Amino acid sequence: MGMTITEKILAAHAGLDHVEPGQLINARVDLALGNDITAPLAIQEFKKLGMKKVFDPERVVLVPDHFTPAKDIKSADQAKVLREFAREQGLTNYFEIGRMGIEHCLLPEAGLVGPGDLVIGADSHTCTYGALGAFATGVGSTDLAAAMATGECWFKVPETILFRYHGKLQPWVGGKDLILYTIGRVGVDGARYMAMEFTGETIEALSMDGRFTMANMAIEAGGKNGIFPVDEKTLAYIQGRLKRDYHLYQSDPDARYNQEIDIDASKIELQVALPHLPENARSVREIGDIKIDQVVLGSCTNGRLEDLQVAAAILKGHKVHPEVRLIVIPGTQKIYAAALEAGLINVFIEAGAAVSTPTCGPCLGGHMGILARGERALATTNRNFVGRMGHPESEVYLAGPAVAAASAVKGRIAAPEEVV
Amino acid sequence: MLIAGKCHTFGNDIDTDAIIPARYLNTTDPGELARHCMEDADPTFARRVQAGEIIVAGKNFGCGSSREHAPVAIKAAGVAAVIAASFARIFYRNAINIGLPIFESPEAAAGIRAGDEVKIDAGKGEIVNLTRGETYPVAPFPPFMQELIAAGGLMPYVARKVKTGV
Ligand code: SF4
């Protein structure tokens, strides 16, 4: 019986020739990640164990990105726990303010993840790295503590759902629309405890930034991981970044899937997910006149260079609607610098947007753009749960960068064709 | 494992932002987290819940972020167990890892009403609704997870492994 790419990576890291869905395994991890919310708990647990040293100071990655630059004293204390632990352990991959980025934009960019890797992160969007053909999944702080100590983690081998996308995408439609449409189709628990494997000619044509966006939101369908086949684009991306060896795996032709879903991507229109679940995806044309107070362009979902390019192409020569606040957050310092170089930051500022240093900030209702009672935002982020971006009586609509830029200009949720 | 108590009910897809909103995540103090437990799902819950009571919810409980603060807040609020039709996977492993008893039973989730008194008998694999006189099946944990639970969570389990080298 053949295996899927997910099963092969798990088997290899557990030192087994073969694994089956449902099997519980103990596997070696190539990388373990924590941030300023989850790592302090993990460090506490690690210390309670009486452990002196992490299993490998090059493979434990700490990124203070959620409440940083520190939004208050408590957040500063949390970030300090990371900083001191990183120094004391001699971690080579601790990323300080000014050299950091949102973790899931940063790790691939810094060449820390490669094809065939097994990565755990105490952050649910760790699944982003599946775009590189790695098995990457979110865990909790206790799992991170155990992995920092032993270099291992327990897993239940998931079943896999195979998604095949066919056809050419319509103008402005990108990875965010594909994944919102997919979540709308299967629901927020449609892939619960399963691997989501994304294939097909639409995916082959999709940029790496588009693939990161899709893999990022696998968790929003309940997925354990999202994973893509490795191709020329993947190899070009890791070229010059990845400093380690990597392993190429691909699903066998006779691999077993829980389901195979074919999607005609040529029919997918620009998507918007209505409050308060990512599965409430609709075509932007269907949702009617929805006035907004704020637009957030950024996050580990859509804070990459291509996202900023798409938004700038629409915003150029236009002004942000007088009743809207547009907040632009490049995902990493490198993305910020590239956007500056390309003149995108100027476009944003001239349009009347606020441009921020890389941070999660408003995405989780942390800081840098919290919503008041009754306010409504259109965001390129990944979650629109109750209270996600601020007051429990505020609302978040999710979309890609094209709809975000058009909506910022129009003051209501709008399609790019209405602006350019 | 025998757990008995009064139930508080919630709907489907209760996410971790509802269980413990991110605005409180600038601390890891369990007592402080407990004060905001379930706040965006039911702002009165943290005040009403008594030690030993049980949360009952629909499908996909704990979906969303990986924050362990969610099961920590529930445990610190004194909740003895969570019963749901299904759990999101990171919440599931976090609960097991920190030793918060959780039980998956679509039948119990559908049958139990707010205020019902129930008794969970993990060994027998059943949940008895004392108020309604109904019994629901509950899936047993796989052996490895029983080992984790018996050890008191992941860290004591790892500690033993690190010490004994097995
Ligand atoms: S940008 Fe948002 S979703 Fe991504 S890691 Fe930060 S808080 Fe989480």
Side-chain angles (χ1 to χ4, degrees), chain A residues 22 24 36-38 40-42 44-46 48-51 66-67 71-78 81 121-126 137-143 145-146 149-150 154 156 158 187-189 192-193 219-220 222-224 276-277 279 364-366 370 383 385-388 390 392, chain B residues 12-19 21-30 32 39-41 43 58-72 85-99 142-145 147-148 153-163:
Chain A
L24 284 157
D36 52 320
I37 290 182
T38 58
L41 258 180
Q44 235 176 60
E45 290 300 317
F46 178 87
K48 269 197 226 153
L49 257 187
M51 296 295 293
H66 279 63
F67 293 147
K71 74 155 180 151
D72 55 20
I73 295 169
K74 283 182 184 170
S75 316
D77 284 341
Q78 299 275 85
V81 174
D123 190 278
S124 59
H125 293 102
T126 302
T137 192
V139 297
S141 297
T142 301
D143 281 311
T150 63
W154 67 271
K156 185 160 115 189
V188 289
D189 66 346
R192 201 174 59 86
Y193 228 109
I219 177 76
E220 260 55 69
K224 178 167 192 153
H276 290 284
L277 284 176
E279 71 182 14
L364 80 161
I370 304 305
R383 289 191 175 134
F385 301 151
V386 172
R388 174 72 180 179
Chain B
N12 291 328
D13 302 312
I14 296 293
D15 59 80
T16 51
D17 280 279
I19 298 171
R23 55 185 178 277
Y24 305 119
L25 296 185
N26 53 6
T27 178
T28 54
D29 175 50
E32 207 175 321
E39 188 168 297
D40 285 1
K59 71 169 177 77
N60 205 25
F61 185 83
C63 62
S65 101
S66 69
R67 64 188 69 152
E68 208 159 286
H69 310 65
V72 166
S86 65
F87 292 92
R89 66 160 277 278
I90 306 180
F91 183 90
Y92 185 94
R93 63 184 294 144
N94 284 348
I96 302 272
N97 282 345
I98 69 157
F144 167 71
M145 280 179 211
E147 236 181 282
L148 274 188
L154 183 64
M155 291 325 273
Y157 177 83
V158 168
R160 211 173 55 201
K161 257 180 67 166
V162 170
K163 270 197 213 98

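The model shown is predicted, which means the values in this text are computed figures rather than measured ones. All chains are named by letter (A, B, ...) in the order of the sequence lines, taking the proteins before the strands, and each is independently numbered beginning at 1. Keep in mind that the numbers below use all heavy atoms, side chains included, and drop hydrogens, waters and symmetry copies.
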Practice task
Measure across Ala146(A) and Val158(B) and return the closest heavy-atom pair with its distance rounded to 0.1 Å.
Solution key: CB-CG2, 3.7 Å
Handout entry: Part of Leu41(A) within contact of chain B (heavy atom distance under 4.5 Å)
Key = both
Handout entry: Per-residue contact mode, Thr150(A) against chain B (heavy atom under 4.5 angstrom)
Key = side chain
Handout entry: Proximity breakdown for Leu24(A) and chain B, heavy-atom pairs closer than 4.5 Å
Key = side chain
Practice task
Quick one: closest heavy-atom pair of Ser65(B) and Ser124(A), and the distance?
Solution key: CA-OG, 3.5 Å
Problem - Test side-chain contact (heavy atoms from CB on, under 4.5 Å) applied to Gln78(A) and Leu25(B), step by step - result: CA-CA 10 Å; Gln78(A) 299 275 85; Leu25(B) 296 185; over 6 Å; no
Exercise for the section: May I have the step-by-step check of side-chain contact (heavy atoms from CB on, under 4.5 Å) for Thr38(A) and Glu68(B), ending in yes or no? Expected result: CA-CA 7 Å; Thr38(A) 58; Glu68(B) 208 159 286; over 6 Å; no
Problem - Proximity breakdown for Pro142(B) and chain A, heavy-atom pairs closer than 4.5 Å - result: side chain
Practice task
Using a strict cut-off of less than 4.0 Å between a Lys/Arg side-chain nitrogen and an Asp/Glu carboxylate oxygen, indicate whether Arg383(A) and Asp17(B) qualify as a salt bridge.
Solution key: no
Handout entry: Arg93(B) side chain vs Trp154(A) backbone, donor-acceptor pair below 3.5 Å
Key = yes
Practice task
Decide yes or no on side-chain contact (heavy atoms from CB on, under 4.5 Å) for Asp13(B) and His276(A), but give the supporting numbers first.
Solution key: CA-CA 10 Å; Asp13(B) 302 312; His276(A) 290 284; over 6 Å; no
Handout entry: Interface moiety of Leu364(A) toward chain B, non-hydrogen atoms closer than 4.5 Å
Key = both
Practice task
Would you mind checking which part of Ala159(B) comes under 4.5 Å of any heavy atom in chain A, side chain (CB onward), backbone (N, CA, C, O), both or neither?
Solution key: both
Exercise for the section: Drop me the distance from Met145(B)'s CE to Lys156(A)'s NZ, to the nearest 0.5 angstrom. Expected result: 6.0 Å
Handout entry: Region of Ile90(B) in contact with chain A, defined by heavy-atom distances below 4.5 Å
Key = side chain
Handout entry: Contacting moiety of Asp40(B), where chain A heavy atoms sit under 4.5 Å
Key = both
Exercise for the section: Would you mind telling me which of Val139(A), Asp77(A), Asp143(A) has the largest number of heavy-atom pairs within less than 4.5 Å of chain B? Expected result: Asp143(A)
Practice task
Start with the C-alpha gap between Asp36(A) and Asn26(B), add the side-chain angles, then the distance that decides, and say whether side-chain contact (heavy atoms from CB on, under 4.5 Å) holds.
Solution key: CA-CA 9 Å; Asp36(A) 52 320; Asn26(B) 53 6; over 6 Å; no
Practice task
Kindly say whether Gly138(A) contributes a backbone atom to a donor-acceptor pair with the side chain of Arg89(B) at under 3.5 angstrom?
Solution key: yes
